[in-house]
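Shown next, in structure tokens, is the structure this report addresses.
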Amino acid sequence: MEKFIFGLAVGMAGGALLVANNCKLLNLVKKNQEDIMQKAENYIDKKLDELEQATDKQDKKSSQKPQSN
């Protein structure tokens, strides 16, 4: 999913830059590219945090198992 988002952002920006021929449109394209990249980074960070929390919960569960002698 992350590769898809990154590819989408790069493709949109690249295509728009090929078409853009004036300063206002070029600046708008750059701003939109930055917004998309920020959203993608936030999504990836959120997924990494969720994965880390799930791993921490699993570690806690495995360390709380009673040990028998």
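Because the structure is predicted, anything quoted here is derived from the model rather than measured.
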Open item on the list: Tell me every residue that passes side-chain contact (heavy atoms from CB on, under 4.5 Å) with Gln38, counting only those two or more places apart in sequence or in another chain.
Closed with: Glu41, Asn42
Task: side-chain contact (heavy atoms from CB on, under 4.5 Å) against Leu28, all qualifying residues, sequence neighbours excluded - done: Leu25, Asn32
Task: Residues that Glu50 engages under salt bridge (charged side-chain N to carboxylate O under 4.0 Å, His left out), provided they are two or more places apart - done: Lys47
TODO: Can you tell me which residue pairs pass the salt bridge (Lys or Arg N to Asp or Glu O under 4.0 Å) test with a partner in residues 25-37, sequence neighbours excluded?
DONE: Lys31-Asp35
TODO: Please name all residues satisfying side-chain hydrogen bond (donor to acceptor under 3.5 Å, both in side chains) with Asp45, sequence neighbours left out, ordered by chain then number.
DONE: none
